[in-house]
Amino acid sequence: MNPSAAIVQDQFLKVLSREEAVARFRAALQLRPLSAETVGLDHLAGRTLAATLAAPVDAPPFDRSVVDGFAIRAADVAGASETGPAWLALNGETIACGTEPRVAVATGSATPIATGGPIPRGADAVVMIEHTRFEADTGLAVTRPVGPGQNIAFAGSDIARGETLLRRGTVIGAREIGMLAAVGADSASVWRKPRVAVISTGDELVPPGAPLRPAAIYDSNGPIVAAALEENGCIAVRFGAVPDDAVLLEATIREAHATCDAVILSGGTSKGAGDLTYRMVEKLGEPGIVAHGVALKPGKPLCLAVCNGKPVVILPGFPTSAMFTFHDIVAPVLRILAGLAERPEVTVDARVPVRIPSDLGRTEFVMVALSRDQDGAVAFPVGKGSGAVTAFSQADGFLTIDALAEALPAGSAASVTLFAPHLAMPNLSIAGSHCVGLDAVISALADRSVTARSLALGSLGGLAALKRGECDIAPIHLLDPASGLYNTPFLSTTMRLVPGWRRMQGLVHRAGDSRFAGAASPAEAVIAALADPDCLMVNRNQGAGTRVLIDGLLGGRQPPGYWNQPRSHNAVVAAIAQGRADWGIAIAPAAAALDLAFIPLAEEHYDFAVARETPNPAVALFEAAVGEASEALRALGFTPVAGH
Ligand code: AMP
Ligand code: MG
């Protein structure tokens, strides 16, 4: 590499601020809609008008009646009443919709007319049929006066020829299609949708639906990016997942660049072995890469390029990072090319109930779940780590913490960018300790069309959220060591307890571990474990209900493994099953799932704290669903509390 090439590459290795990266990217692009195309009425829904449209004709095209009745001259019925009706002679034609009138309405006469019928010459008003009476020998009695022009829609009163019908930039929906049809337009000029190539890269990627080879993972980014493109007015052109093969990759990228308006790649930006993507993009066209490395968390490896006027973006490989960077930086640019508003109407102003720490110097994205309290939307942070694609299931969108902020303080206002154009708030928001049994209750609720979202905040976190009115239900399992009671001692006066179920806690070890062969009780098992200095325990985190039980069993002793303190039952049984530890305390269903031996210790109470007064009717349905789920709960190894 010659020295100047080294300098150029150095420049690309430099991490830019989000603002600088966005500015460079946008400066290199022509930020305007691509071009216009004419599209037929039946395919216009969702498209954006490229030109302002004037009405080519009057609507309605003629004066017409808006009621069923008689076309008359208003002067003939002035002063008419029930007792002193005005008498008119009927003309010899009836005007239905679509009938052209032939007979003029002369003084003293009336012509029957239907709603939508054209007003005949000479008439200046329509009297409703309800205000008339017909008598064979004397003619039509009109019992109420009408003013001139009454019950007539005049030509062009809806829209007059030459008036602006629809403005450029309007996103067309059923209403707009109705307006176009009413003036006889069978097509309109709209912005062409950008065709955007989607390429996933990585030797490890397998398309969903195919069997997973060892060490492979499914390609999530391809489908995510394609769907997000469609949601933002673009056409996704899928190129599949390409292995980290220089020849194959270059051919694919070149074809995509030649045939599409923009190219979105993912993976291969972190400059590790096999990460070739950015080197291919470098060669694609001028000016090339404008930012490689952006001070984002997650999303630092983002690579932005413009090659011969077309945006070429390499999103980070981790799906959540890909999603954040796409929505924050790429989607606004593509929306402009599609003729849409830069930011869709998908931001929600929300309050953040807890402090969110953040790295200084990097713009940080935080996934949040939205719920409502009496003051408006509340955004809870969810999901940890850019690799956790499942966090999407709990999240509605994300918020952004400025690079210069060390944290977002509790109570801050934040703007949440939604992942989808429509926000469907759950009917019921549950926050607290999670239990697989809860999934059975949520399923029973779903059968009643009640949507519930459960956030794992821990028992104390759930109670705090309930106290602040940010959730409807807080599942808890808290043992008060002083009273030996579960849950009730932790309720405030404004809360009540909905009984849930009991979960048997016990000492867990691998079946066939001879060290525990003679132990009939957890206490005996602990003695057996302590007898062998190689026997490793796995503890639980401080504050967990289970930890209280463990401390009781150990009586102050700290055997090997004591400092391994994971936060869930599943982590405890996984450690024992995988041989990283030999014994621990966990609930029976978790132990059974991994075929571990289980010596019962104590029943834990898993109940639900709810507000005594709640405006949410779904809470009562939740209580009913707990009862309905009792069979499913038993099947899972739980004991529902009698009374359901
Ligand atoms: P890379 O930038 O290629 O080093 O990828 C970073 C991480 O993201 C690795 O763990 C990849 O396996 C993962 N990854 C890359 N592309 C995808 C994809 N399309 N779907 C899911 N995970 C991906
Ligand atoms: Mg890769």
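In each ligand, atom 1 is the first atom listed, and ligand 1 is the first ligand listed.
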Task: Set of residues satisfying side chain to side chain donor-acceptor pair (under 3.5 Å) with respect to R238, sequence neighbours excluded - done: none

Open item on the list: What I want to know is whether G222 and ligand 1 share at least one N or O pair that is separated by under 3.5 angstrom.
Closed with: no

- [ ] Consider ligand 1: state whether an atom of it lies below 4.0 angstrom from any non-hydrogen atom of G202.
- [x] no

TODO: Please say which of R192, R195, K310 ends up in a salt bridge (charged side-chain N to carboxylate O under 4.0 Å, His left out) with D261.
DONE: R192

- [ ] Check whether any side-chain heavy atom of S454 lies under 4.5 Å from a side-chain heavy atom of H434, and answer yes or no.
- [x] yes

Open item on the list: For K283, is there an ion pair with E250 - N to carboxylate O distance below 4.0 angstrom?
Closed with: yes

Open item on the list: Does only the side chain of P319 get under 4.0 Å from ligand 1, or the backbone, or both, or neither? Count heavy atoms.
Closed with: side chain

Task: Which of the ligand 1 atoms, numbered from 1, are nearer than 4.0 Å to a heavy atom of E204 - done: 11 (C), 12 (O), 15 (C)

Open item on the list: Less than 4.0 angstrom from a charged side-chain N to a carboxylate O is my criterion; do E470 and R372 meet it?
Closed with: no

- [ ] For S220 and ligand 1, answer yes if some heavy atom of the residue is under 4.0 Å from a ligand atom, otherwise no.
- [x] yes

Task: Test item, P316 contacting ligand 1 (heavy atom, 4.0 angstrom) - done: no

- [ ] Looking only at distances, please establish whether an N/O atom of ligand 1 is found under 3.5 Å from an N/O atom of G317.
- [x] yes

Open item on the list: Show me which atoms of ligand 1 lie under 4.0 Å from any heavy atom of Y218.
Closed with: 20 (N), 21 (C)

Open item on the list: Within the structure provided, determine whether L408 and L399 are in side-chain contact (heavy-atom separation under 4.5 Å).
Closed with: yes

Task: Contacts of type side chain to side chain donor-acceptor pair (under 3.5 Å), residue E37, not counting sequence neighbours - done: R47

- [ ] Mark up the atoms of ligand 1 that fall under 4.0 Å of a heavy atom belonging to I217, in ascending order.
- [x] 12 (O), 21 (C), 22 (N), 23 (C)

Open item on the list: Quick check on contacts: which atoms of ligand 1 are under 4.0 angstrom from a heavy atom of G268?
Closed with: 1 (P), 2 (O), 3 (O)

